[in-house]
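Before any comments, here is the structure.
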Amino acid sequence: MNQPTKVVYLGSLPFDQTEQQVLEVARSVGPVVDFKLFFDQETGKPKGYAYVEYQDMETAASAVRNLNNYTMGNRNIKCSYSGRLSIEDNIAESGDGIKLPPLPLGIDLIGTSDPTELTFKVVETLEYNKLLSVLKEARSMAKTSPLAMKKLLDENPQLAYALVHAGNLTHKMSPDDINAVLAKPVANGVQNAAAQEFASLPLQAQEQIRAVCALTQNQIEQLQPSEKNMIIQLKEKYSNVVNNI
DNA sequence: GTTGAGCGTT
């Protein structure tokens with residue numbers, strides 16, 4: 001048994017329960033401050049465990065007492081202390097000191113064979129103005145806190161994927177624009193040249209490139225062939241630049 | 001189809 005803290009580990013969760021349903025069970029013992037359910041990054045399948053941060057140790061203690069061996073679906077779930085102070089305590093470990101706010105719950109992937117395709121569909125359901133405002137927000141975040149933006153994109157490849165498609169749908173970063181960026185001659189100073197070039201690009205383009213660089217190999221594989229090559233080239237050209245900001 | 005133990009997905 002671990003040191004008592006505010007964060008509790010939930011394990012042996014049924015694979016067929018949604019994030020929302022697990023959260024509800026977690027909330028049944030008290031207010032939840034932060035919550036994270038784990039999925040396989042590639043397949044989108046649930047890993048069957050989660051972390052719940054409660055507002056205080058008393059509530060967490062109550063969770064350990066009441067949720068351990070609680071029957072959910074067809075399983076007896078496990079609940080014990082995680083031993084960490086807060087869910088986002090990878091700050092010390094990664095050493096970057098960047099703290100991102102908790103993200104909203106994702107949508108249910110159960111029954112989806114292709115999570116990347118689903119991301120695309122979700123983006124398509126958004127209003128044009130909504131897409132613009134999301135892009136605008138991403139742009140402003142990239143400008144005011146580039147490191148946080150990098151971290152956000154690195155940790156959430158679906159978001160990078162969504163931003164690339166949002167750029168396409170709003171014609172803010174169409175294949176033509178990408179080609180235009182790639183067509184710029186690369187000077188001899190390699191890295192510095194690429195960095196200078198990057199800095200000289202419109203913010204819109206910078207933001208799209210960041211998103212592109214954060215795409216996983218798997219996501220790239222799933223792009224249209226026409227986009228795919230450009231994306232690969234973009235990534236090759238700028239990933240070092242983006243990673244060194 | 002690889003779905004059952006999993007303690008933080010780099």
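What you are looking at is a predicted structure, and each value in this text was computed from that prediction instead of being measured.
As a whole-Å value, the separation of A/E19 CD from B/dG8 C1' is 14 Å. Atom CG of A/D40 and atom P of B/dT3 are 9 Å apart (whole Å). Atoms CG (A/L13) and P (B/dG8) sit 15 Å apart, rounded to a whole Å. Across the protein-nucleic acid pair, A/K47 atom NZ and B/dG4 atom P stand 16 Å apart, rounded to whole Å. Between the CD1 atom of A/I77 and the C1' atom of B/dC7 there is a distance of 15 Å, given to the nearest Å. If you measure from atom CG of A/L37 to atom P of B/dG8, you get 15 Å, rounded to the nearest angstrom. Taking atom NZ of residue A/K36 and atom C1' of nucleotide B/dT9, one finds them 9 Å apart after rounding to whole Å. With rounding to whole Å, A/Y81 atom OH is found 15 Å from B/dC7 atom C1'.
Rounded to the nearest Å, the gap between the P atom of B/dT9 and that of B/dA5 is 22 Å.
Applying the ring pair (Phe, Tyr, Trp, His ring centres under 6.0 Å) test to A/Y54 and every residue at least two apart in sequence or in another chain returns nothing. Partners of A/F35 by ring pair (Phe, Tyr, Trp, His ring centres under 6.0 Å), not counting sequence neighbours: none found.
Within a 6.0 Å sphere centred on CD of A/E127, heavy atoms belonging to other residues, nucleotides or ligands number 12 at most. Within a 6.0 Å radius of CD in A/E137, no more than 12 heavy atoms belonging to other residues, nucleotides or ligands are found.
Nearest-nucleotide mapping onto DNA chain B: of A/C79 and A/S12, the residue sitting toward the 5' end is A/S12.
Both geometric conditions, a ring-centre gap below 5.5 Å and a plane tilt below 30°, are fulfilled for A/Y51 over the base of B/dG8. Residue ring and nucleobase are stacked for A/F15 and B/dG4, with a centre distance beneath 5.5 angstrom and an angle between planes beneath 30°.
For A/K45, whose side chain is taken as the heavy atoms from C-beta onward, the closest listed nucleotide among B/dT9, B/dG8, B/dT2 is B/dT2.
Counting non-hydrogen atoms under 4.0 angstrom, A/V8 reaches nothing in the nucleic acid.
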Exercise for review: Apply the test salt bridge (charged side-chain N to carboxylate O under 4.0 Å, His left out) to residues A/E221 and A/K228: give CA-CA distance (whole Å), side-chain angles for both, the deciding distance (0.1 Å), then the verdict.
Suggested key: CA-CA 7 Å; A/E221 291 307 324; A/K228 194 169 146 182; 3.2 Å; yes
